[in-house]
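Taking it in order: structure first as structure tokens, then the write-up.
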Amino acid sequence: MRYPLLYYVIAIPIVALMSLIFLSPLVISLAGTSSSTSNNWKLYRVQADANTPGTVAVLLTDRCCDENTNTGIIYETRDYGVSWELLSDKTSQWSFQEETSREFYFANGDLRYQNQWIWTYPRYMFRTFFWGWGNVDNSSFLDIEAGVHTADTTYVALGRDGLLIGPYPTDSDARSWTLVSEPFPQLNPRPLTIRNPLHLLLITALGLLIPPLPFIHAWLLAQVWRYAVPGHDMEEALRPAWRVSLQLTIIAAVAVILWLTNINTRFYAIVGGMAIVVVVVGLINAWEIAQKANMGRAFTIKLLAGTALVSLIVPAGVATTQFGFGWTVIITLITGFMSYRHTLEDEIQINSHQGEIDHLSLEVLGGMLCTMALLSGVVPLQLGVVVVVTAYIAGRLTWIAIHTHDDTTKKTKNESSFSYLALLLNGNWWGMGFFMTIGWFFASGAVSTLIFFTQLAAWGYFYQVGMGNL
């Protein structure tokens, strides 16, 4: 199988997409539909007793009904929200008739009071994945029904998510803010963690397989390690790469579950920690491969540098997921490199060392990208020249760092050097290169589109989980 990566990158999203479509009824039945799916209760009003410190009442109402005390439920606390009592007497001192403070509002996920930041809604990336991509920091999505403050405490009603309690807005008190929803069983707050074992399993699997991270990482490692195995055999290089990728997948699954279940974990802290683990594990295995092949010190250093470089690609794709372009760029570069290498090896049949063919493929890819950027007017001419020169130097240094050492760069009697200039003078290149470029665009676009729609289907499932509907 000449291009195993493309088969995995295409096949796995298709399988995942079909599974999401056909197995969704089974998933819903096994996970169990939340009993509060139709729950429309929200914390609508909050009122403080100006004469009794720590005494506060909240009004809960069904959004289907009139928002008044006749259809609502009143809870009262006398100890700053530590304990709450349900009031059965609707004619109590709490009327909720006066206008409450509307000086609290959300801006980009930050709670502000009179333009002053006072609190940030936790778990931004969790909300990005599970609350809806466009609604993460939407002020209408992050409900503020009412807010009041006493001499030392602030209370903000956050609709279905509960009551936010903290210090006075302008107070430098180090007290932490607390979002309270447990005392109000009528509410259906949006979760900030995932606890259902089936959801944890499915979310972790989808997160690691769309796109198929283990397969992409193994293929990238094999591109470097193939130069340390006899005959530059790709299949031989893939064996240790698969083993390493499987080990990292298990570790990554544990990290994903930790992030999903622990409200105090941060997405980028997990990604950064995993990036370090990925690089370290890759370097350890690259060192073992170099020692097993009895390579010299210079090549071992270059092999380690190349391993560290490609080990950062998958973590970079994960880190840029929220921006929507990270995997598109990575898939485009990988398919472009594979397309041009195929053209040079099989179509034009360059008779040269494998390292030089790979290096030439990188140069052609970089030159083509820079040319397209210049022709489309994306970058100014001066910047384009800098980009082209930088791409050439980076390609040359990358090739030297990854693909060269004293033994494997020695050419046999049937191998010859081949330069970018010689390629431009090759008559076969212009036809083959043109059609391969068109094929590259279609291939990368098709794969990226497939991954996007598969991710879209997965995000639909994530959204239902995040809204508490599953």
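- Panel note: side chain Asp161, backbone Arg190; a donor-acceptor pair is recorded below 3.5 Å.
- No donor-acceptor pair closer than 3.5 Å links the side chain of Thr204 to the backbone N or O of Leu201.
- The aromatic rings of Phe129 and Trp259 lie perpendicular to each other, with more than 60° between the two planes, well past the 30° mark.
- Closest approach of Phe130 and Ile203 over heavy atoms only: CE2-CD1, 3.5 Å.
- Val278 is listed as a side-chain neighbour of His217, based on a closest heavy-atom distance under 4.5 Å.
- To the nearest 0.5 Å, atom CH2 of residue Trp119 and atom CZ of residue Phe104 are 12.5 Å apart.
- Between atom CD1 of residue Ile270 and atom CE of residue Met125 there is a gap of 12.5 Å, rounded to the nearest 0.5 Å.
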Residue pair Thr300, Gln291: steps toward the side chain to side chain contact (heavy atoms under 4.5 Å, CB included) verdict:
CA-CA 8 Å; Thr300 300; Gln291 296 304 306; 4.3 Å; yes

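- Under the 4.5 Å side-chain criterion, counting only non-hydrogen atoms from C-beta, Val318 is not in contact with Met274.
- For the pair Arg226 (side chain) and Leu238 (backbone), a donor-acceptor distance under 3.5 Å is absent.
- Put simply, the side chain of Tyr105 reaches to within 4.5 Å of the side chain of Asn115, judged on heavy atoms.
- With Thr193 contributing its side chain and Ile263 its backbone, the two residues share no donor-acceptor pair below 3.5 Å.
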Test Tyr113 against Val156 for side chain to side chain contact (heavy atoms under 4.5 Å, CB included), laying out the working first.
CA-CA 11 Å; Tyr113 173 76; Val156 183; over 6 Å; no

Step by step, work out the side chain to side chain contact (heavy atoms under 4.5 Å, CB included) result for Ile330 and Thr320.
CA-CA 11 Å; Ile330 292 174; Thr320 57; 5.8 Å; no

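- Using modelled atom types and a 3.5 Å distance limit, the side chains of Thr307 and Trp225 yield a donor-acceptor pair.
- Counting heavy atoms from C-beta on, the side chains of Pro167 and Trp177 come closer than 4.5 Å.
- Put simply, the side chain of Trp327 never gets that close to the backbone of Ile210: no donor and acceptor are under 3.5 Å apart.
- A distance of 11.5 Å separates OH of Tyr227 from CG of Leu303, quoted to the nearest 0.5 Å.
- Ring-plane geometry between Phe337 and Trp219 is classed as perpendicular, the angle between the planes exceeding 60 degrees on a 0 to 90 degree scale with a lower cut at 30.
- Listed here is the closest heavy atom pair of Val271 and Ala319: CG1-CB, 4.1 Å.
- In this structure, CG on Leu248 lies 8.0 Å from OG on Ser311, to the nearest 0.5 angstrom.
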Run Thr249 and Leu213 through side chain to side chain contact (heavy atoms under 4.5 Å, CB included) and show every step you take.
CA-CA 8 Å; Thr249 300; Leu213 307 185; over 6 Å; no

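- Nearest heavy-atom pair, Pro315 versus Ala275, reported as atom, atom and distance to 0.1 Å: CB-CB, 3.8 Å.
- Contact detail for Ala293 and Ala228: the closest heavy-atom pair is CB-O, 3.3 Å.
- Considering every non-hydrogen atom in both Leu179 and Gly162, the closest pair reads CD1-C, 4.3 Å.
- To the nearest 0.5 Å, atoms CG (Leu111) and CD (Gln116) are separated by 10.5 Å.
- Annotation for Arg266: atom CZ does not count as buried by contact number, only 12 or fewer foreign heavy atoms lying within 6.0 Å.
- Between atom CG of residue Leu304 and atom CD1 of residue Ile284 there is a gap of 10.5 Å, rounded to the nearest 0.5 Å.
- Using a 4.5 Å cut-off on side-chain heavy atoms (C-beta onward), Ile216 and Ile334 make contact.
- Proximity of Arg123 to Thr265: side-chain heavy atoms (C-beta onward) are separated by under 4.5 Å at one or more points.
- A 4.5 Å side-chain heavy-atom check between Leu221 and Ser245 finds every atom pair outside the cut-off.
- Taking the six-membered ring where the residue is Trp, Tyr121 and Trp131 present perpendicular rings, their angle passing 60° and hence far from 30°.
- The two residues Arg195 and Thr261 have their closest heavy-atom pair at NH2-O, 3.0 Å.
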